[in-house]
Every structure is written in C-alpha cells, then in structure tokens.
Amino acid sequence: MKKENSPSVHWADIHARNIIRSKGDKAQYVCASGITPSGTVHIGNFREIISVELVVRALRDLGRDVRFIYSWDDFDVFRKVPKNMPEQELLQSYLRKPITVVPDTTGTSENYARANEERIERQLHIVGIDPEYIYQARQYQAGTYAQSIRTALEHREEIRACLNKHRREPLPESWMPVSVFSSFTGRDATEVISWDGQWGITYRCLETGKEETLDMRSAKWVKLPWRIDWPMRWAFEGVDFEPAGKDHHSEGGSFDTAKEIVKVFGSDAPYTFQYDFIRIKGKGGKISSSSGEVVSLTDVLEIYQPEIVRYLFAGTRPNTEFAVSFDLDVLKIYEDYDKCERIYYGDEEVGEKRRQKESRIYELSQVSSVPEDKPYQVPFRHLCNLLQIHSRDIDSVISSLGVVEKHQEERLRTRCACALNWLDLYAPEEFTFSLREPGSSVPEFPNEILKALGQLCHVAERMDDLSDSELSEEIYAAAHASGCEPKDLFAASYQVLIGKERGPRLAGFMRTCGREKVIPLLRSYAQ
RNA sequence: GGGCCGCUAGCUCAGCAGGUAGAGCAACGCCCUUUUAAGGCGUGGGUCAAAGGUUCGAAUCCUUUGCGGCUCACCA
C-alpha cells in the first residue's frame, strides 16, 4: 500500500472510476438524472440529483468531459391534488391531464409543472448544481421522440413479454407501448387501438367514445409510458450513468425492465447504483410529495449553509438511509463540518487516511471551488448566543467578531441567517433569550441579592482585565461577600440580564455580552 | 413471494477495495469551599446480532440464520 498517490476511496470517486471502466474510454460521458415535477420536489428527490452531481464532479476531476442532463418528466399525468396547493377545486378539474397544462394556482409560473421545476432549479443553483435541463413535454410535443415511439411499436411484442415477466396481470394482447392524451378531453383516459405500421396510430377516447388517427411526427399528445420512456431516453441521449432509488431498483422494478427494454432501442443500460431514501428528524411531517407536508431543499437551506447541505450528502454513502435533522443535531452537523474544514486546512492533527478522506469530502461539499483562505469559523451554538445578545442584528454580530475579512463575510452572513432561522423554528426553549432593556421591571430581590448584584456590577467593570477563572471566582466572591448563596446570585443575574431563571454559564456569558451591555442592566440594582 | 438496507459503547452513528475497535451526546471524575446549560482536562464502558467459511490476520469479503426497516409485483 502506497501512501502517496493512493486513489480516493470516496464513493463518488469510486463510482466515477467504475463508470470509466464499464463504459470504456470515451470522449464524453453522459450522466443523467430526472424526476417528475408532479408535486413539490422534496429532499428525498434531491438525493438523486446531488448523487449524480457528485459523480459528475468526480469524473471531471479525473479529467473527463461530462454532459450532465436532468430530465423533467413534465409530460406526466396529474394524478392527485396536493393538499398544500390553493384552489383545490380548480386543480381537481385538471386531474388526468398532463401537468404542463395544469394551471399554477400559486400564480408564479406559466403552469403547475413549471412552478415546481422553477422552485427547485433556483435552489439547485444555490448549492452549485446546474445541469442541462431537458423538458420532456417539450421534447415529445416537438416530435423529437417520434422515431423512438415508432421503434417501440415495432418491438411491441418483445416489450410486452419483458413487462409481463414481472406482472401479476399480463398485459392484454392488444396492448400498445404508447399512451395518448385525448384531444377531445385532454385526459389520458384513452385506448390505443391500432398502428398502421408507419406513423399513424388510432386511439379511442374512453370518455367520449370518439376515435381519432394521429401522425406521430406531428402529434402533440402522444408519449411512451414510464417503463419504456426511461430506457428510450437512455438510448436517445446515450446515458452512461444514472442512479435510481430503491423503488426502481428492486427486482421487477423499472430499472430491471428498462435494462432489457433498452436493447430494442439499440443501446445498453447505464452504469448505476441504488440510493436509499432519507428520513427527517426534528421536524413534523413526511417527505412524500402528495401529502402536502413536504420537506424541501428550501427548508433545509433555511437551516444549513449550502456547502453543509452538500456535506450531508457527500459525506454519506448513497445506498444507506440517513436522517436530515432539524433538532439539536444541527449543532453537531455544523461542528462536524467545521472540523472537516479544519482538517482540510491542516489545522487539526489527524491520521493520513482520515485527512485524505475528510479533505475529499470537503472539496466535494463546496458550491464552487475551495476557498483559498480558511473561512472564518464561529461555532453555530456560540453564534446563536451572539445573535441573541446583539438583538438578532447580523451586522452588529459580525463587527463584534473583530477581524473578518471581506471574502469571509458572505459565508458568515449565511450562517447567521441559518442560526436565526433555527432559533425561530426549531431551537428548544432553553436556547432562546433576549437581553432585557435597561430600566424594564423585574421581580424584587432581597437585600443580600441586591447587594450581590451591585458587587457583580463592579466585577463586570473590571472583567476585561480578568482571566476566565478569575472572573468566575469573582462572581462567587461577590455572592459570598454579600451573604447570599451563589446559586441565588446566578438566578437573579439571569433575571436581570435575560428575564429567565437560567442561562448560559454566567462568566463566559457576561464576557460575550460585553461591559457596555451588562453594566447598564446591573447598575440599576447597584446599591 | 422477490429485491435492497440496517443490526458496532446507555443513546445517535462513523469506521467497510482486510492489518491491534472510534466520535458526539449521556455517565463519572478533576479544573482553589465552586457552578447554572455553551468551557477545559480526564475516566469508564463494546465477545462489532448469531453461526460457519476464506485469510497469517475479518466489524470489514463469502454463506446461512435471526430481528428491524424499506421497496417491487398498479402508476410513475
């Protein structure tokens, strides 16, 4: 085992090398991802695309040219109205139509599918993911896949046999590997009854009973069903790599049938791997897109910096399940990321193996390139306290930190915004506080406590010249000198400072707040 | 019924192209009588689900079993 030059064992790098090995030496590798925008794109869907993107980066880091495509299956049928959408009744009337013809009832986009697409495309850009988007509805309606549809019809029997191997109910003799949206109703309640062996297909609208013959080259409402559409696109785009969730990867699932069906299109299945689903921790609701209660990339970006979102996925092997947390785990994730960063910049002593591994994860976590200078680190937990001490004012927190270079500021501001969101949305009550306004009323205290608070005020005046342990001792001394229990002084101090019974450890907390904030509050009690 | 994933310290998990068991939290102890919730230092704690196999060597690879979870067989 050579230490230097040992190839990366990061999963993305391993897959990248496997792709090259299994697909051979090529001028360009096509990596594909895609889902249907039939509902809010959730964080589970995101695992698919970031898994591909990480492999894309790994391939590029090996000096390979990569085409990274993302297919929006927006010619899909509108099956169910998500509960979180406005104008439920209106949407109801569009069921069974293509999602590109369903109106966007949130009023931001040209249609329902586009609305879902735009939301996530914007977010993906933020985390550094910019694939070449392919819109399936547009492709089908432009006749791009006409020849492929014809190919599917020509191989109808093979395809049917393949699908039947895994079906409980075999497909009927008359089954055709195409589906049509009725031009009479716009809905997919249709039955294809014949194909003329050329470009003509005839279907019957099941709701009106009417029949119509279409030319596939100009037809606007003809598509391949999913299990055929997928391998068709592999062949059409020459896809070398596409992972899939475990729902597709089970035996008899769509990947299984697709890898056989792709042969009729004259191609082979891409290199693949299976990724597992992700769980959510510390936030109610499920991931599913139809229930309405979804956790989206937006929700995650509210709490995690973009590079930390990437870190979550880059640092976890795709074929195992993991949880995205919104509870106290957030603190640990930030600490882990910061540690990874310190390891990358050589500020933390670790073994060589660990260093290589963490460094690679760090690189892959970056939205673009790795910063030349180490970013300014403020532990998330401490930041939560700072923000609350400074009345949630980000500018004031940043100026209190001292030397923050201009190029370090942006990340820091993002982290501040995330911390504020976390405090508002998920932090336990013990974590939140705000400094009181001087002069506002607090409970009466017995004399010895008042005396101790006065002493404490004098201590605060000198605290910048005291060491941590000295300061701590002075606090106890203040209590003892005034004849009260330290415990009671602590409780009173928190009342005076933040209006609560408890708070962060007093000595450090006072120092963090600073003289100019602490003294006025204490002074009103000084005797 | 098939497929996949998991089972490692009290808890949450990392470690997996084999090379003497790790982190965080919790617990316990110490940091001048002395701590309240962010600090520092330290300690304890695991027959790596079970049994076989391959190997000089297995948490890691293979086989079988058990328990838990997901998924396919309808649509996508």
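Just so it is clear: chains get the letters A, B, ... in the order the sequence lines come, proteins before strands, and each one is counted from 1.
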| said: Please compare L506(A) and P225(A) by the position of their nearest nucleotide in RNA chain B and report the one closer to 5'. | reply: L506(A)
| Pair assignment for C7(B), Watson-Crick or G-U wobble, requiring both distances under 3.5 Å | G66(B)
| What about the rings of Y304(A) and Y337(A), do their centers lie closer together than 6.0 Å? | no
| said: Once you apply a heavy-atom cut-off of 4.0 Å, does R354(A) come out as touching a base, just sugar-phosphate, or nothing? | reply: nothing
| Distance between P atoms of C61(B) and G1(B) (Å, rounded) | 27 Å
| request: Would you mind telling me which of W230(A), Y271(A), W226(A), F273(A) makes a ring pair (Phe, Tyr, Trp, His ring centres under 6.0 Å) with F255(A)? | output: W230(A)
| Distance between C1' atoms of U60(B) and G22(B) (Å, rounded) | 14 Å
| query | Is the phosphate of A73(B), meaning OP1 or OP2, less than 4.0 Å from a side-chain N or O of R227(A)? | reply | yes
| field | Rounded interatomic separation in angstrom, taking CG from D188(A) and C1' from C74(B) | value | 14 Å
| field | Separation of the P atoms in U20(B) and C28(B), to the nearest angstrom | value | 33 Å
| note | When both distances are under 3.5 Å in a Watson-Crick or G-U wobble arrangement, the nucleotide paired with G46(B) is none
| remark: Per atom distances to the D76(A) side chain, the nearest of C72(B), C75(B), A76(B) is A76(B)
| Minimum-distance nucleotide to S254(A) side chain [options: A37(B), A76(B), G3(B)] | A76(B)
| query | According to the Watson-Crick and G-U wobble definitions, with both distances under 3.5 Å, which nucleotide is paired to A59(B)? | reply | none
| request: Would you kindly give the CH2-to-C1' distance between W230(A) and C75(B), to the nearest whole Å? | output: 15 Å
| remark: Of the listed C70(B), U35(B), A76(B), the closest approach to the Y476(A) side chain comes from U35(B)
| Which listed nucleotide (C5(B), A76(B), C72(B)) is nearest to the side chain of D276(A)? | C5(B)
| note | Separation of G39(B) atom C1' from R381(A) atom CZ, nearest Å, is 11 Å
| said: What contact category does H166(A) fall into here, base, sugar-phosphate, or nothing, at under 4.0 angstrom with non-hydrogen atoms? | reply: sugar-phosphate
| message | Classify E169(A) by what it touches in the nucleic acid, base, sugar-phosphate, or nothing, heavy-atom distance under 4.0 Å. | response | sugar-phosphate
| For the pair made of CD1 in I261(A) and C1' in A76(B), what is the distance, rounded to whole Å? | 14 Å
| query | Given the P atoms of G66(B) and G44(B), what is the spacing between them in whole Å? | reply | 39 Å
| field | Check: L54(A) and W11(A) side chains under 4.5 Å, non-hydrogen atoms | value | yes
| field | Rounded distance (Å) that lies between atom C1' of A37(B) and atom CG of L328(A) | value | 11 Å
| query | When the P atoms of A59(B) and U47(B) are considered, how many whole Å apart are they? | reply | 13 Å
| task | Quote, to the nearest angstrom, the C1' distance that separates A14(B) from A9(B). | result | 13 Å
| said: Here's a test of your reading of the structure: between R17(A) and N385(A), which maps to the more 5' nucleotide of RNA chain B? | reply: R17(A)
| remark: Testing C5(B), A76(B), C74(B) for proximity to the side chain of W226(A), the answer is A76(B)
| task | Search all heavy atoms of S482(A) against all heavy atoms of E448(A) and return the closest pair with its distance. | result | O-CB, 3.2 Å
| message | To the nearest 0.5 Å, what is the distance between SG on C513(A) and CG on L497(A)? | response | 6.5 Å
| Do Q377(A) side-chain atoms and D338(A) backbone N/O form a donor-acceptor pair below 3.5 Å? | yes
Return the polar atom pairs (N/O with N/O) between nucleotides 11-15 of chain B and the protein under 3.5 Å, or none.
unit_1	atom_1	unit_2	atom_2	d
C13(B)	OP1	R279(A)	NH2	3.2
G15(B)	OP1	K357(A)	NZ	3.4

| field | Pair partner, A37(B) [Watson-Crick or wobble, under 3.5 Å] | value | none
| note | Paired to C13(B) by Watson-Crick or G-U wobble criteria (both distances under 3.5 Å) is G22(B)
| request: Starting at atom CH2 of W72(A), determine the distance to atom P of A76(B), rounded to an integer number of angstrom. | output: 18 Å
| field | Integer angstrom distance from the C1' of C7(B) to that of U12(B) | value | 14 Å
| Do the non-hydrogen side-chain atoms of C418(A) and I303(A) ever get within less than 4.5 Å of each other? | no
| said: Distance check needed: A37(B) P versus H382(A) NE2, whole Å only. | reply: 18 Å
| query | Between R415(A) and I308(A), does a side chain to side chain contact (heavy atoms under 4.5 Å, CB included) hold up when you go through it step by step? | reply | CA-CA 10 Å; R415(A) 182 171 291 204; I308(A) 299 185; 4.1 Å; yes
| message | In whole Å, I'd like the distance from the NE2 atom of H249(A) to the C1' atom of C5(B). | response | 14 Å
| request: Heavy atoms only: give me the nearest P177(A)-R156(A) pair and the separation to one decimal. | output: CD-CG, 3.5 Å
| What does H248(A) touch in the nucleic acid at a heavy-atom separation under 4.0 angstrom: a base, only the sugar-phosphate, or nothing? | base
| Looking at R167(A), does any N or O in its side chain come under 4.0 Å of the phosphate oxygens OP1/OP2 on C75(B)? | yes
| Side chain proximity check, E173(A) to R160(A), heavy atoms < 4.5 angstrom | yes
| query | When rounded to the nearest Å, what value does the distance between P atoms of G39(B) and A26(B) take? | reply | 9 Å
